[in-house]
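Read through the structure below, which is laid out as structure tokens, and then see the notes.
Throughout, a chain's letter reflects where its sequence line sits, starting with A, and its residues are numbered from 1.
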Amino acid sequence: MNLENLIIENVGIALEKLYNQTVDAKLIQVQSTRKDFEGDYTLVVFPFLKISKKNPEQTATEIGMFLKENVSEISDFNIVKGFLNLSISNEYWLNFFTQNAANSNFGAAQVDENSPKVMVEYSSPNTNKPLHLGHIRNNLLGFSVSQILKAAGKNVVMVNLVNDRGIHICKSMLAWQKFGNLSTPTSSGKKGDHLVGEYYVKFDIEYKKQISELTAQGLTEEQAKKEAPILLEAQEMLRKWEAKDIEIYNLWKEMNSWVYDGFEKTYKKLGVYFDKMYYESETYLLGKQNVIEGLKNGVLIQKDDSSIWADLTADGLDEKILLRSDGTSVYMTQDIGTAILRHNEFNANEMTYVVGNEQDYHFKVLSLVLQKLGYDWGKKLHHLSYGMVELPEGKMKSREGTVVDADDLIDEMIETARKTSQELGKLDGLSLEEAEKVYYTIAMGALKYFILKVDPRKNMTFNPNESIDFNGNTGPFIQYTYARIQSILRKASEMNIAIQNEFKVLNINKKEIDLIKYLHRLPETIQEAAANYSPALIANFVYELVKEFNQFYHEFSILKEEDEMVRSFRLSLSKSIAYAIKNCMNLLGIAVPERM
RNA sequence: GGACCCGUAGCAUAAUUGGAUAGUGCAUCUGACUACGGAUCAGAAGGUUAGGGGUUCGAAUCCCUUCGGGUUCACCA
């Protein structure tokens with residue numbers, strides 16, 4: 001049993017003995033004591049005043065006395081206002097440490113085939129343009145949340161859904177046909193996703209041009225947007241694609257393959273991967289089929305122009321189109337198909353979609369439509385709705401060219417890391433190749449930590465020029481602490497100092513106890529991060545742990561400590577903390593260097 | 001117009017989901033043992049949690065309202 005539950009249980013007993021009343025366990029609030037107060041756990045006594053019929057101090061004193069006498073783990077208590085602060089004995093902490101010090105994987109739960117199954121969809125790129133900063137947040141979040149769920153005891157399947165069909169792809173294809181002069185990644189020397197993205201931009205330029213020409217001829221803007229010839233051509237191309245026109249289909253395959261090559265490189269640099277890939281082109285027909293069936297069963301409606309809709313007005317939402325009047329599919333159509341396919345394949349206890357909060361409405365609708373179609377599990381879909389990434393000057397806008405490209409950003413980060421490391425002369429002893437690896441590790445550590453330390457649900461600001469720091473609450477700061485511990489451990493082993501894990505008699509100091517308390521919190525932190533789908537909680541935890549360790553490191557000597565038992569203990573403590581740092585960072589998808 | 005989200009020091013962000021004196025980093029200022037690695041550590045200054053009202057022992061957090069910003073509802077994805 002963990003300490004918190006132990007306390008809750010005994011508070012229950014105390015209330016019964018002292019005031020002859022049983023209390024709903026929910027009223028017993030135990031939280032860890034705030035840093036500026038003495039103690040480890042705090043009981044809020046306000047809820048019990050009605051029962052005790054005494055003032056807060058008296059009530060807290062009585063409960064505190066009872067606990068101190070009857071619970072061996074509780075060594076002392078103090079009272080501030082209505083808060084009863086309980087101290088846990090040093091014996092307990094030391095005993096906890098000796099039992100777990102050697103466990104390099106402390107904090108992570110075991111997973112086997114009986115563990116609950118969770119599917120996490122993330123990334124979900126469109127194949128008409130390269131990845132940008134927003135996708136980076138998505139990929140980092142999806143990967144990290146998956147690792148956290150695994151550590152919390154879930155069986156995780158990471159999947160990607162590639163939006164490889166639809167009108168947006170046709171726009172790139174059409175522009176390539178018109179303006180591309182048969183250029184390919186090989187002939188142009190460009191990364192495939194970037195090349196295809198250029199034609200998506202070219203389409204838009206031409207489209208705008210045609211709109212202004214049409215409005216000059218007297219059409220309204222609305223009409224012009226609908227009737228621009230290049231748009232009509234793209235729509236025609238989509239119809240041909242759905243009819244599997246051979247020429248269109250081959251072009252589509254080829255251009256997508258360029259994009260996939262490009263994506264693969266970016267994914268690799270980001271360090272993310274997937275257990276299974278889904279392609280919209282392979283699922284939209286299943287969606288279409290279900291929509292048509294839904295129409296037959298009367299749960300969907302058809303309008304005069306033969307487009308098919310879901311009427312969700314009874315649920316407080318609007319009507320939603322599911323098939324266009326020309327019979328082609330929309331985004332929702334394939335998402336219905338994909339969900340059904342996945343449910344049939346994996347029957348996961350939970351399906352989580354890592355998708356930006358601009359699609360909150362979409363996922364509400366998806367869940368409802370699935371239920372309407374008779375899929376009860378539709379209500380179990382979970383949308384991990386993350387906030388958008390903004391630049392200091394505002395939203396990224398592709399039309400204004402302010403989109404931060406993922407590949408460029410990563411390269412810039414590596415360049416910065418290289419420069420900083422070389423200025424500090426940190427890696428002079430390493431080979432060029434080894435040094436490059438460290439630059440990369442630090443660069444990605446900075447980038448990933450910077451993005452993951454903020455609450456996923458919130459919008460965040462990203463300043464590419466200044467924001468990524470190497471000092472303070474940053475990835476490299478944490479990596480540095482890890483590297484420093486490794487340095488000590490290397491020295492210890494050169495000095496042939498054995499690290500023991502038994503510490504019977506020991507005059508342990510407060511910083512050491514505090515560090516052990518941090519380690520003790522790791523398992524619950526992982527559980528909490530999983531429950532909230534929040535890598536930020538892991539980031540905050542490891543940052544505080546590292547800060548605490550750096551204070552300890554500064555204040556006390558490890559290798560120069562003369563008492564052998566104490567020296568050995570401090571080495572063991574440092575080693576355990578290094579494990580914790582590494583594991584937490586891995587949960588964020590961040591690697592740690594042995595030196596930097 | 002309907003629905004939803006957000007507003008915390010100059011900037012970027014925390015706050016155990018209703019708990020104590022609102023933490024932290026950057027930037028600014030001051031200081032640290034010729035170092036088990038100074039990419040570190042100690043300290044100072046910076047706040048009416050957008051404004052107002054309410055709920056209660058207790059509110060950044062819940063309710064109402066005003067202001068400011070954003071997303072979405074499209075035969076876009």
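Comparing the C1' positions of U55(B) and G18(B) gives an interatomic distance of 12 Å, to the nearest angstrom. Separating the P atom of U13(B) from that of G7(B) is a span of 11 Å, rounded to the nearest Å. Rounded to whole Å, the separation between the C1' atoms of G37(B) and C26(B) comes to 23 Å. When the P atom is used for both A22(B) and A50(B), the distance is 15 Å, rounded to whole Å. Comparing the same atom, C1', in G23(B) and in U61(B) gives a spacing of 16 Å after rounding to whole Å. U30(B) and G46(B) have their C1' atoms separated by 16 Å, with the value rounded to a whole Å. Straight-line distance between the C1' atoms of G68(B) and A27(B): roughly 27 Å, to the nearest whole Å. The gap from the P atom of A15(B) to that of A20(B) amounts to 13 Å, rounded to the nearest Å.
For C36(B), the OP1/OP2 oxygens have no side-chain nitrogen or oxygen of Lys491(A) closer than 4.0 Å. Put simply, Lys81(A) has a side-chain N or O that comes within less than 4.0 Å of OP1 or OP2 on U21(B). Under 4.0 angstrom from either OP1 or OP2 of A74(B) there lies no side-chain N or O belonging to Arg324(A). Remark: Ser557(A) is not in phosphate contact with C36(B), judged by side-chain N or O atoms under 4.0 Å from OP1 or OP2. Close to U71(B), at under 4.0 Å from its OP1 or OP2, lies a side-chain N or O of Lys395(A).
Of the candidate nucleotides U71(B), A39(B), A20(B), A20(B) has the atom lying nearest to any side-chain atom of Phe37(A). Side-chain proximity of Asp318(A) to the nucleotides A39(B), A74(B), A77(B) is greatest for A74(B). Residue Asn163(A) places its side chain closer to A77(B) than to any other of G25(B), U16(B), A77(B). You'll find that the side chain of Val454(A) is closest to U13(B), out of U13(B), U71(B), A77(B). Across C36(B), U16(B), G19(B), the shortest atom-to-atom separation from the side chain of Val44(A) is found for G19(B).
A donor-acceptor contact closer than 3.5 angstrom is absent between the side chains of Thr474(A) and Asp469(A). Counted by atom type alone, His168(A) and Asn163(A) present zero donor-acceptor pairs between their side chains at under 3.5 Å. Between the side chains of Thr328(A) and Arg324(A), at least one donor N or O sits under 3.5 Å from an acceptor N or O. For the residue pair Thr481(A) and Asn550(A), a side-chain donor N or O sits within less than 3.5 Å of a side-chain acceptor on the partner.
Listed by chain and number, the residues in a side chain to side chain contact (heavy atoms under 4.5 Å, CB included) with Asn357(A) are Asp360(A), Ser385(A), Met388(A), Asn459(A) (sequence neighbours excluded). With sequence neighbours excluded, the residues satisfying salt bridge (Lys or Arg N to Asp or Glu O under 4.0 Å) with Arg457(A) are Asp455(A).
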**Request:** Give the B/S/- string for nucleotides 3-9 of chain B, one per nucleotide from 5' to 3', where a protein heavy atom under 4.0 Å of the base yields B, of only the sugar-phosphate yields S, and otherwise -.
**Result:** -------
**Prompt:** How would nucleotides 40-45 of chain B be written as a contact map, 5' to 3', with B for base contact, S for sugar-phosphate-only contact and - for no contact, using protein heavy atoms under 4.0 Å?
**Reply:** SSS---
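Syn is the conformation of U17(B), whose glycosidic angle sits no further than 90° from 0.
Atom-to-atom, CZ of Arg34(A) to P of U21(B) comes out at 8 Å; the value is rounded to the nearest Å. Distance Tyr361(A) OH to A74(B) C1': 11 Å, rounded to the nearest Å. Computed from coordinates, the Leu391(A) CG to G70(B) C1' distance equals 15 Å when rounded to whole Å.
Sorted by residue number, the members of residues 414-427 of chain A with any non-hydrogen atom under 4.0 Å from RNA chain B read Ser421(A), Leu424(A), Lys426(A).
Proximity of the aromatic rings of Tyr543(A) and Tyr449(A) is defined here by a centroid distance below 6.0 angstrom, and this criterion is not met. Aromatic ring centres of Trp252(A) and Tyr279(A) lie farther apart than the 6.0 Å criterion allows.
An aromatic stacking contact between Phe83(A) and the base of G19(B) is absent, as defined here by ring centres under 5.5 Å apart and ring planes under 30° from parallel.
With hydrogens and angles left out, the side chain of Thr42(A) and the base of A20(B) share a donor-acceptor pair within 3.5 Å.
For residues 40-60 of chain A, the set of pairs meeting the salt bridge (charged side-chain N to carboxylate O under 4.0 Å, His left out) definition, not counting sequence neighbours, comprises Asp40(A)-Lys517(A), Lys54(A)-Glu62(A).
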